[in-house]
Amino acid sequence: MSFQNPVFIPGPTNMPEVLRKSISMPTLDHRSPLFGEILHPALAGVKKILKSESAEIFVFPSTGTGGWETALTNTLSKGDKVLVARNGMFSHRWIDMCNRHGLDVQVVEAAWGAGIPTDEYAEILIADKGHEIKAVLATHNETATGVKSDIAAVRAAMDGANHPAMLFVDGVSSIASMDFRMDEWGVDVAIAGSQKGFMLPAGLAIIGFSPKACAAIETADLPRTFFDIRDMRAGYANNAYPYTPAVGLLNGLKLATEMLLDEGLENVFARHHRIASGIRAAIEAWGLKLCAQSPELYSDSVSAIVTPEGFNATDIVTHAADKYGVAFGVGLGEVAGKVFRIGHLGSLTDVMALSGIATAEMCMVDLGLDVKLGSGVAAAQDYYRNNAVTNTRTMAW
Ligand SMILES: *Cc1c(COP(=O)(O)O)cnc(C)c1O
């Protein structure tokens with residue numbers, strides 16, 4: 001691996017220098033107004049990125065997985081029923097967590113490459129006349145398969161059934177890189193992590209709770225201590241945490257939100273879409289297919305690329321690291337060995353993306369795949385030439 005090359009794993013993502021430096025701080029009193037000057041703007045920035053007026057934001061020293069646990073334990077009781085689709089490794093792991101917490105988990109199985117089957121969700125919700133389902137779980141962007149699901153459609157299925165369940169959305173690999181609308185989609189808990197769209201190291205679980213989700217804590221009886229949002233809320237009111245906060249990371253989060261909002265969220269999403277489209281043009285030129293079954297499912301933050309039958313896709317990832325010092329993502333779970341992934345979220349430019357495409361191409365040719373050197377690069381160059389945007393705000397950082 002070379003520190004000079006960008007990484008193309010779907011998190012942790014490349015860190016802009018200004019963010020990397022912002023994390024490195026002298027020690028300060030984490031129960032002082034000075035800490036409040038870091039904490040409160042960071043929380044306010046996250047709220048804007050979630051596109052929410054009413055959410056309460058909580059940031060735990062943790063990762064996305066801790067965000068899942070925060071959502072479940074603050075709102076649900078042992079034996080509560082939850083509805084969730086399994087269409088990749090991340091939804092699979094969230095389901096596992098629900099089981100371990102003793103929830104009654106209704107799993108809708110879907111192909112790895114398919115989106116959340118919202119029609120099935122609708123049928124199940126309509127049939128649940130007694131409103132036993134307390135929460136509907138949705139993985140917005142399945143990082144394992146490069147599939148983006150339609151959260152507005154999940155909300156529509158819930159509303160169509162007049163169902164009062166809460167909606168929890170894992171947005172770990174979508175928030176801050178793809179369009180996310182907490183209020184408009186009626187999301188009750190939104191979950192992100194610091195190391196993907198926020199361009200920071202791992203270490204923070206970033207979570208939004210709707211007023212309805214906040215109220216649910218009064219009856220929820222799942223055990224919680226570290227992740228209790230009431231303790232966190234009480235801490236925030238005193239410019240503090242219930243324990244020692246990760247001050248440097250929070251300073252990074254404050255700056256990351258400023259950078260994203262300064263570039264403009266819609267510009268951030270457009271940049272991710274443009275970079276992803278160039279990569280997809282390359283994949284098509286290679287004669288390969290995405291794991292995502294249809295274009296409306298294509299993720300703008302990660303592409304999982306299916307390699308020909310009989311070829312071990314993981315070899316590409318190993319070879320890229322060994323020979324060229326570049327990191328791609330391996331296939332996980334059911335698609336292990338069948339796909340390799342190009343992560344294209346966070347701090348990335350068209351030019352950086354071209355280097356990843358060129359490297360993947362060299363690896364595939366080295367390993368004997370029927371891919372023409374330069375084919376993907378040329379297709380992406382064409383796309384980027386014709387869709388270039390000079391975004392002065394991005395460059396300002
Ligand atoms: C990365 C990721 C997670 C897990 O986050 P950790 O920070 O590794 O705990 C959860 N869900 C999705 C969709 C992810 O991409």
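Both ligands and their constituent atoms are indexed starting at 1 by order of listing. The structure presented is a predicted model; accordingly, all values stated were derived computationally and were not measured.
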(request) Please indicate whether any nitrogen or oxygen in Gly66 is less than 3.5 Å from any nitrogen or oxygen in ligand 1. (result) no
(request) Using a strict 4.0 Å cut-off to heavy atoms of Ser173, name the atoms of ligand 1 that fall inside it. (result) 13 (C), 15 (O)
(request) Any pair with a residue in residues 162-171 that passes side-chain hydrogen bond (donor to acceptor under 3.5 Å, both in side chains), sequence neighbours left out, goes on the list, sorted by first then second residue, please. (result) Trp68-Asp170, Asp128-His163
(message) Out of all atoms in ligand 1, which are within 4.0 Å of some heavy atom of Asn141? Include the element for each.
(response) 13 (C)
(message) Please check whether Trp68 reaches ligand 1 - meaning an N/O of the residue sits under 3.5 Å from an N/O of the ligand, judged on distance alone.
(response) no
(request) Using the side-chain contact (heavy atoms from CB on, under 4.5 Å) rule, take Phe180 and Val187 through it: C-alpha gap first, then chi angles, then the decisive distance, then the call. (result) CA-CA 10 Å; Phe180 189 90; Val187 175; 4.3 Å; yes
(request) Assess Gln195 for proximity to ligand 1: is some non-hydrogen atom of it under 4.0 Å away? (result) yes
(request) Starting from atom 2 (C) of ligand 1, locate the nearest protein heavy atom and write down its residue, its atom name and how far away it is, to 0.1 Å. (result) Lys196 NZ, 2.5 Å
(message) Looking at Ser91, is its backbone amide N or carbonyl O close enough to the side chain of Arg86 to form a donor-acceptor pair, meaning the two atoms are under 3.5 Å apart?
(response) no
(request) Give a yes/no on ligand 1: does Gly193 have at least one heavy atom closer than 4.0 angstrom to it? (result) no
(request) Identify the protein heavy atom lying closest to atom 11 (N) of ligand 1, giving its residue, its atom name and the separation to 0.1 Å. (result) Asp170 OD2, 2.6 Å
(message) Tell me the protein heavy atom at minimum distance from atom 13 (C) of ligand 1, and give that distance in Å.
(response) Thr143 OG1, 3.2 Å
(message) Does this structure show an ion pair linking Glu258 with Lys254, if we count only N-O contacts that are shorter than 4.0 Å?
(response) yes
(message) Salt bridge or not between Arg233 and Glu56? Use side-chain N to carboxylate O under 4.0 Å.
(response) yes
(message) Please state which option from Val169, Thr65, Thr139 has its nearest heavy atom closest to atom 9 (O) of ligand 1.
(response) Thr65
(message) With rounding to the nearest 0.5 angstrom, report the OG to CG distance, Ser173 to Asn141.
(response) 3.5 Å
(message) Measuring from atom OG of Ser177 to atom NZ of Lys196, what distance do you get when rounded to the nearest 0.5 angstrom?
(response) 10.0 Å
